[in-house]
Chemist: 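The structure's right below; bear with me while I get my questions together.
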Amino acid sequence: MKERIGIKIDPKIVRVSIEIPEQIKDDFRDAVERNGKLMKDVLRLYMQKYTWKQSELQRNRQKRSQSIGTKI
(Lines give C-alpha, C1' and ligand atoms only; values in the text may rest on other atoms or scores of the structure.)
Protein backbone atom coordinates (compact mmCIF):
# COMPACT_ATOMS: atom_id res chain seq x y z
CA MET A 1 0.00 0.00 0.00
CA LYS A 2 1.19 3.50 -0.78
CA GLU A 3 0.15 6.64 0.96
CA ARG A 4 -0.37 9.92 -0.85
CA ILE A 5 -1.39 13.03 1.05
CA GLY A 6 -2.81 10.92 3.88
CA ILE A 7 -4.87 8.67 1.59
CA LYS A 8 -4.05 4.97 1.46
CA ILE A 9 -3.96 3.55 -2.05
CA ASP A 10 -4.26 -0.18 -2.73
CA PRO A 11 -2.58 -0.96 -6.04
CA LYS A 12 -4.77 -2.75 -8.57
CA ILE A 13 -2.91 -5.13 -10.87
CA VAL A 14 -3.83 -4.88 -14.56
CA ARG A 15 -2.59 -6.57 -17.71
CA VAL A 16 -1.03 -4.40 -20.43
CA SER A 17 -0.93 -5.61 -24.01
CA ILE A 18 1.24 -3.99 -26.67
CA GLU A 19 1.94 -5.01 -30.24
CA ILE A 20 5.56 -5.06 -31.34
CA PRO A 21 7.52 -7.10 -33.87
CA GLU A 22 8.44 -10.55 -32.53
CA GLN A 23 12.16 -9.92 -33.05
CA ILE A 24 12.09 -6.85 -30.78
CA LYS A 25 10.33 -8.86 -28.06
CA ASP A 26 12.89 -11.66 -28.37
CA ASP A 27 15.85 -9.26 -28.30
CA PHE A 28 14.41 -7.47 -25.26
CA ARG A 29 13.77 -10.75 -23.44
CA ASP A 30 17.33 -11.92 -24.13
CA ALA A 31 18.78 -8.60 -22.94
CA VAL A 32 16.90 -8.57 -19.63
CA GLU A 33 17.67 -12.24 -19.01
CA ARG A 34 21.39 -11.57 -19.52
CA ASN A 35 21.10 -9.02 -16.71
CA GLY A 36 19.30 -11.49 -14.44
CA LYS A 37 15.95 -9.74 -14.51
CA LEU A 38 12.41 -10.44 -15.66
CA MET A 39 10.73 -8.59 -18.52
CA LYS A 40 7.80 -7.58 -16.31
CA ASP A 41 10.12 -6.13 -13.65
CA VAL A 42 12.09 -4.09 -16.20
CA LEU A 43 8.90 -2.79 -17.83
CA ARG A 44 7.31 -1.97 -14.47
CA LEU A 45 10.36 0.05 -13.39
CA TYR A 46 10.50 1.81 -16.76
CA MET A 47 6.82 2.78 -16.55
CA GLN A 48 7.24 4.05 -12.99
CA LYS A 49 10.23 6.17 -13.98
CA TYR A 50 8.48 7.45 -17.11
CA THR A 51 5.38 8.41 -15.14
CA TRP A 52 7.48 10.19 -12.50
CA LYS A 53 9.48 12.04 -15.14
CA GLN A 54 6.34 13.18 -16.95
CA SER A 55 4.81 14.47 -13.72
CA GLU A 56 8.04 16.36 -12.96
CA LEU A 57 8.02 17.91 -16.44
CA GLN A 58 4.38 18.93 -15.98
CA ARG A 59 5.15 20.54 -12.60
CA ASN A 60 8.08 22.43 -14.13
CA ARG A 61 5.90 23.68 -17.00
CA GLN A 62 3.29 24.89 -14.50
CA LYS A 63 5.94 26.65 -12.42
CA ARG A 64 7.34 28.38 -15.52
CA SER A 65 3.92 29.52 -16.69
CA GLN A 66 3.13 30.83 -13.19
CA SER A 67 6.43 32.72 -13.00
CA ILE A 68 5.87 34.17 -16.47
CA GLY A 69 2.35 35.21 -15.46
CA THR A 70 3.60 37.08 -12.39
CA LYS A 71 6.26 38.96 -14.37
CA ILE A 72 3.74 40.57 -16.73
Side-chain angles (χ1 to χ4, degrees):
M1 262 192 282
K2 290 185 178 181
E3 239 180 85
R4 270 191 208 163
I5 312 172
I7 300 171
K8 291 184 180 181
I9 300 171
D10 290 326
K12 180 180 177 182
I13 304 299
V14 297
R15 182 177 298 261
V16 175
S17 177
I18 59 172
E19 294 181 11
I20 58 172
E22 187 175 8
Q23 185 62 41
I24 290 175
K25 181 194 77 153
D26 293 341
D27 291 346
F28 179 69
R29 183 191 61 234
D30 293 343
V32 296
E33 286 177 356
R34 279 194 304 270
N35 288 303
K37 302 193 183 226
L38 298 174
M39 288 172 63
K40 70 177 189 171
D41 296 333
V42 172
L43 289 169
R44 180 185 298 129
L45 181 61
Y46 174 81
M47 287 190 268
Q48 288 171 338
K49 286 181 178 182
Y50 181 85
T51 303
W52 177 82
K53 183 177 180 178
Q54 291 305 310
S55 64
E56 285 294 309
L57 291 171
Q58 179 64 29
R59 276 195 288 277
N60 289 340
R61 282 192 291 270
Q62 288 174 342
K63 286 179 185 177
R64 276 196 307 271
S65 66
Q66 286 174 356
S67 68
I68 291 171
T70 58
K71 291 180 180 179
I72 296 176

Chemist: Holding to side-chain hydrogen bond (donor to acceptor under 3.5 Å, both in side chains), I want the full list of residues that pass it with Glu56, two or more places apart in sequence or in another chain.
Modeler: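 Testing Glu56 for side-chain hydrogen bond (donor to acceptor under 3.5 Å, both in side chains), a comparison that skips the adjacent residues, returns Arg59.
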Chemist: Is Met47 reachable from Phe28 through a run of hydrophobic residues whose side-chain heavy atoms are each under 4.5 Å from the next?
Modeler: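 Hydrophobic grouping puts Phe28 with Met47.
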Chemist: What residues, two or more places apart in sequence or in another chain, satisfy side-chain hydrogen bond (donor to acceptor under 3.5 Å, both in side chains) together with Arg64?
Modeler: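 None.
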Chemist: Kindly write out the residues that satisfy side-chain hydrogen bond (donor to acceptor under 3.5 Å, both in side chains) with Asp26, not counting sequence neighbours, or none if the list is empty.
Modeler: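 With neighbours one apart ignored, the set is Arg29.
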Chemist: Check side-chain contact (heavy atoms from CB on, under 4.5 Å) between Tyr46 and all other residues, then give those that pass, not counting sequence neighbours.
Modeler: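 In terms of side-chain contact (heavy atoms from CB on, under 4.5 Å), with neighbours along the sequence ignored, Tyr46 is linked to Tyr50.
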Chemist: Show me the donor-acceptor pairs within less than 3.5 Å that the side chains of residues 12-25 make with the rest of the protein, sequence neighbours left out.
Modeler:
from  : atom 1 : to    : atom 2 : distance (Å)
Gln23 : NE2    : Asp27 : OD1    : 2.7
Gln23 : NE2    : Asp27 : OD2    : 3.4

Chemist: Please enumerate all residues that pass side-chain hydrogen bond (donor to acceptor under 3.5 Å, both in side chains) together with Gln58, with sequence neighbours excluded.
Modeler: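 Testing Gln58 for side-chain hydrogen bond (donor to acceptor under 3.5 Å, both in side chains), a comparison that skips the adjacent residues, returns Arg61.
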Chemist: Tabulate below the donor-acceptor pairs under 3.5 Å that side-chain atoms of residues 32-44 make, not counting sequence neighbours, or state none.
Modeler:
from  : atom 1 : to    : atom 2 : distance (Å)
Asn35 : ND2    : Ala31 : O      : 3.1
Asp41 : OD1    : Arg44 : NH1    : 3.2

